[in-house]
Structures are given as structure tokens and as C-alpha cells.
Amino acid sequence: MPSKLTESVWSVDWKELYITRCLVDRAVTHVLDSILASQTGRIEKFHTIISFGYDVKDTLVRHSLAESSMEDHLARRSIAVSEWSSLVNGEHVSLEQALGAFDLFIPESGYGDSNEISAKLRGIVTELLACNPDIELLTPRVKALLVASFLRENNLTGIESGRDYHCLEHNFLGFALSDPGHNSLPLISAAIYCYVAQNLGLNARPCGFPFHVHVIVIPPSGLDMDGNKLEDGILGQPLYMDPFRSDRETPISDLENQLNFLGASSVEKANFLGESLTSEIVLRCGKNILNSVEQISQLPNPHLVPVDVASARYAAFWSSMLFTGASRPMDLRNYLPWLMEIVVTEFPSDVYLIEKHILPLFQGMLEYDDILDGLHVMQAVDGLPKQVRRRTVRNKTVLYRIGQVFQHRRYGYRAIITGWDAECGASEQWMRTMNIDQLQASSHQSFYHVLVEDKSVRYVAEENIEIITPHVSELPRALLAIAGKHFKRWDGVTRTFVSNMRDEYPDD
């Protein structure tokens, strides 16, 4: 579209383009309806949608805004992985686009693509220019300090006092830009600074200093940071900034002293004080996310984290594997089980993404055939029809229906019913472990498959279910997010989730 819009209006067949987009919209809508109507063959249907490429965005956005139905985020993850794959292959991908790809994995970010994150950053530049119309007259040093000062005065870098440093949401560029507090780790603060500074003509890059990302600002060729001309062949000394902590210049002697304390060699010092590649920053961001995820288990209320933890971990493992590459096979082998476990349990629709981007990394390794076999099994299982269960006279004891919301009588959590068994269908070992025989009706009562507000899937006895009829605004945000995997919409009259799937429980 950008290239079409720059051409003469008569050189583009707009009618043909319109027809093409209408046909894509119709085809995607048909496939989405099919996904909502049946649990069979979903992987192939998702792949069909993704094969249309970027043209599906408008259709997906439109359907995601219909009532309370939830958008599937496979298209966004596909965009993110494509961005990273391009960077790995040596193509130019800007720092903000590469880091913004992490936001496309998490539902809470609300971004459709990394261009929307760039638009947020451009807004910051516009505001800075409006406040400082004569900024182009300043020397590089004063300009660099002004950028840091503006960002700090507007709380666009750093973390508010009292917040935990390792909060998961601090790792996401787009989330930090949208959040009123704009809280971000040093790496994200540095990225924000670099974008603004670069758009004001400064050569600002992240500096891969150990444990804390700084920014290195390199003076223009032939000048020093104060705008003075230098003799031919003389390079001006760079300026270092720590936009996370301060709006002042960081003396290079302070950084060198820290490196001496760490025992860094001369070569290591040169690397640590030089600019980092975008790929190195993305890899570092992924590791920061995994570190934050580990901290969540120590929180008193881990389910209150405003970012979907599974999606964040998934993004981190994707980035870690893509940017680790085949040159470090041991690291790939360590990440593989974690990534595949999340794919199987949370994101089975991503089979084709794994096949396209992860499988080639293991070419010539023993794991290659194992991954391929696993993907084929997932596709085969996805194509099997579900066992149809009807509410016959035999199942008349099943009291509750799919889509109803309840509160657990004993543990108090809220959940949604997604399936049922007339009697407990679990193994004897599971029933012994869960002390099912201590229930009033033991295993001889209906049991229900449920989605819990902590995003887990559980199997609950009927006697422990207390149906509630909340308003949708009273439901946990996390519960609404996962409901989209099973239900089409929320019914405000019956106060239940509504599904149009008829292939497993057709009478519900």
C-alpha cells in the first residue's frame, strides 16, 4: 500500500484492489466462522488465514471488536516472527520494530503491528519538537541531554517509585508506551531514548553494558559532541547516557571503573562500551522476560499480573531460539522442550510457524525428526472428529451447561464450564490423588471440564460448583482473555458465554 499511494492515482487499478480485498475478507470470515463452529481441523484453517498475509489484518480487527468476542492472536505472532526472521537473515529491521514484536505476542498490548508502536514514538518526537522549536540549533551534546531531560520530565523512561523492578510488563516497549506510568526496564528506556534521539539527527545506539543497558551517542563525522570541527582522521569521543536513571551524561570513567571491578579484558571492555546490534538487544530482552517470569511465582497474587504470562514466556522462547541460531546447538536443545510444551498446551495453531521457522534450526540434528513427527501428530489429532455427546435420558443427571460461570465452593476461584462427563472419567490414580472418594457423591456424579481465572484447565465435581451470574465487567480480565478460545460471545441476558460449536456437545 505505501508504494501504491506514492504512485500516480491512475497507475493503480483500485477497483481490482478493492475486489481482491473484499474476496479476502469474505474468505477469512468464512474460515473464522468454521473455526468457531467446529473444533476439528483448526490448525489448517488458521494456516489458511495466515497465508493471506497482511491483508487479513482489517478483517481480524473488525471481528475482534464485535461485542465481547476475543481476537485470535496468531496473525500478530506471525507478523512478529517474520520481523525477527528478517533480522536474523540480515535484513534491516529497526530497533523499535524488533522490540515491538514482543508486544504482538501478548493480548494485553492491543497493537496490531509494530507500525502502531512506531506511531506512538513519533508522537513523542512531535511533542518534543513542539516544546523545543529551536532544538536543531543546539550542539549534539546539549541536544542529547535535552532528549533525556524531556523523557524524564514526562515520565517516559524509568520506573515509578514503589514498583517492583522485575514486573513482567516493564519488559515490553509497546506496553510501556501505552501504560500511563510508562514504566520500563533500562533496555526499554534506552530504546525509547534512541528512537527519539535518532529522529532528531543524533547517532544514538544501545550500549550493551553488562547488567544495565546504556546509550552511546556518537558525534557526527568531523565534529565532537560540542559541535567543534576536528582535524582529518580524528574521531570525536562518544557520549554515554543512562536514560533509565538520569538526564545527565554518564562519565566514561565511571563505566570503565565498573568494568575493571568486573575483571573485564581490553577486548571485553571495547565490546561492552560499543554499540550493540539489534539482534543482541532482542536476545537480551527475551532473557529479561524469562527472568521476570521466574519472579512471578514469588508474588502474593500472581494471577493479577497485567500481562499474559504464557504469551510472554512464549515470546521469550521464540526470540531466544531464533537469535541463538544453529551456531549454538546446546542452547537450542535446552530451549526446545519449553517451547514445544507451550505450543502443545497453549498455541497448537502455531504448528506451521514452528515448521517454517524452528524446524530448519535443527537441520542435521537428532531432534529434527522428533520435531517433525510431533508436528504431524498434532495435525493428525486436530483433524479427528470429536466424540459427540448428547443430553440423552442417560445423561439427564448432568445439571449444568457449557458456558455457565461458577465459583468453586471450596477454593473460591471463578471458572467457565467447557465440557462435561456424566460420571468422573479420570483415571483411578488421579481420583486417589485428588481424594475423590471423600466427596459426598464420590465419583458417581457429573464432572466438568473448566477454564479457571488463573488460566489453568481443571476437572471439577458437580457438588463443588456454585453457579453465579455476574456482569461481564465483574469477570477477571484473564478469564475473558482465555474464553475467546472456546466461546463466540458473552450473552448479557443469560450472563453466560455462548459457543456455536456443535461437534462435541451439540445440545449445549
Side-chain angles (χ1 to χ4, degrees), residues 95-96 98-100 102 141 144-145 147-153 155-173 175-177 179 181-198 202-218 225 237-296 312 316 319-320 323:
L95 179 63
E96 70 276 4
L99 289 178
F102 284 102
R141 186 185 306 276
L145 295 173
V147 171
S149 177
F150 177 84
L151 293 176
R152 289 191 64 79
E153 288 173 0
N155 297 318
L156 292 165
T157 52
I159 296 176
E160 294 174 316
S161 177
R163 289 182 63 91
D164 183 4
Y165 179 90
H166 293 288
C167 283
L168 183 56
E169 60 269 27
H170 296 171
N171 294 277
F172 295 90
L173 174 60
F175 198 94
L177 292 171
D179 178 57
H182 304 298
N183 298 284
S184 60
L185 289 183
L187 185 152
I188 301 300
S189 292
I192 295 172
Y193 179 94
C194 287
Y195 181 93
V196 176
Q198 288 171 14
L202 293 172
N203 185 3
R205 309 288 177 181
C207 171
F209 199 78
F211 309 119
H212 190 91
V213 176
H214 289 66
V215 170
I216 179 173
V217 183
I218 301 171
M225 288 301 299
Q237 292 298 311
L239 174 148
Y240 291 89
M241 301 292 298
D242 180 6
F244 176 81
R245 293 184 178 133
S246 171
D247 57 5
R248 298 182 180 181
E249 180 179 352
T250 301
I252 189 172
S253 58
D254 289 356
L255 300 177
E256 289 174 338
N257 289 337
Q258 292 181 50
L259 293 176
N260 288 334
F261 178 78
L262 294 172
S265 65
S266 299
V267 174
E268 289 172 331
K269 287 180 184 178
N271 289 331
F272 290 145
L273 293 174
E275 60 181 272
S276 290
L277 298 175
T278 300
S279 57
E280 295 172 340
I281 294 298
V282 173
L283 186 59
R284 190 163 177 168
C285 186
K287 291 180 178 179
N288 286 346
I289 291 173
L290 291 176
N291 185 45
S292 292
V293 168
E294 291 180 5
Q295 305 290 328
I296 289 175
S319 64
S320 296
F323 290 100

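Just the heavy atoms: all of them, side chains too, but no hydrogens, waters or symmetry mates, feed the values below. What you see is a predicted model; the values in this text were computed from it and never measured.
Using a 4.5 Å heavy-atom threshold, the side chains of His212 and Gln258 count as separate. In this structure, Leu156 and Val196 have side chains that are not in contact, with every pair of non-hydrogen atoms separated by 4.5 Å or more. Using a 4.5 Å heavy-atom threshold, the side chains of Leu185 and Tyr165 count as touching. Looking at heavy atoms from C-beta onward, Tyr193 lies in side-chain contact with Val217 at the 4.5 angstrom threshold. Taking 4.5 Å as the limit, some side-chain heavy atom of Phe211 sits within range of a side-chain heavy atom of Leu262. With contacts defined as side-chain heavy-atom distances shorter than 4.5 Å, the pair His182/Leu151 does not qualify. When side chains are defined from C-beta on, Leu177 counts as touching Ile192, because their heavy atoms get closer than 4.5 Å. Inter-residue side-chain proximity for Leu173 and Glu96 is flagged as met; some heavy-atom pair is nearer than 4.5 Å.
Few gaps surround CZ on Arg163; more than 12 heavy atoms of other groups in view lie less than 6.0 Å from it.
Between atom CZ of residue Arg284 and atom CG of residue Leu187 there is a gap of 6.5 Å, rounded to the nearest 0.5 Å. With rounding to the nearest 0.5 Å, the separation of CZ in Arg152 from CG in Asp247 is 6.0 Å. Rounded to the nearest 0.5 Å, atoms CG (Leu277) and CZ (Phe323) are 11.0 Å apart. Here CD of Glu275 is found 6.0 Å from CZ of Arg205. Values are rounded to the nearest 0.5 Å. To the nearest 0.5 Å, the span separating SG on Cys285 from CD1 on Ile289 amounts to 4.5 Å. Rounding to the nearest 0.5 Å places CZ of Phe150 at 11.0 Å from OG1 of Thr157.
The nearest pair of heavy atoms linking Leu255 to His214 is CD2-NE2, 3.7 Å. A pairwise comparison of heavy atoms in Ala204 and Ala197 identifies CB-CB, 3.7 Å as the closest pair. The minimum heavy-atom distance linking Cys207 with Phe272 is given by the pair SG-O, 2.9 Å. For Ser189 against Pro243, the heavy-atom pair with the smallest separation is O-CG, 4.0 Å. Here the closest heavy-atom approach between residue Ser319 and residue Gly286 is recorded as OG-CA, 3.7 Å. Counting all heavy atoms, side chain and backbone alike, Val213 lies closest to Pro186 at O-CB, 4.0 Å.
A donor-acceptor contact shorter than 3.5 Å links the side chain of Asn171 to the backbone of Leu168. Checking side-chain atoms of Asn260 against main-chain N and O of Glu256 turns up a donor-acceptor pair under 3.5 Å. Side-chain N or O atoms of Asn155 include none that pairs as donor or acceptor with a backbone N or O of Gly181 at under 3.5 Å.
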Is there a side-chain contact (heavy atoms from CB on, under 4.5 Å) between Leu273 and Phe209 once you walk through the steps? CA-CA 6 Å; Leu273 293 174; Phe209 199 78; 4.2 Å; yes
Test side-chain contact (heavy atoms from CB on, under 4.5 Å) on Asn291 and His166 and set out the steps. CA-CA 8 Å; Asn291 185 45; His166 293 288; 3.4 Å; yes
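For Leu145, the side-chain contact (heavy atoms from CB on, under 4.5 Å) partners at least two apart in sequence or on another chain are Arg141, Met241, Glu249. With sequence neighbours excluded, the residues satisfying side-chain hydrogen bond (donor to acceptor under 3.5 Å, both in side chains) with Ser149 are Glu153.
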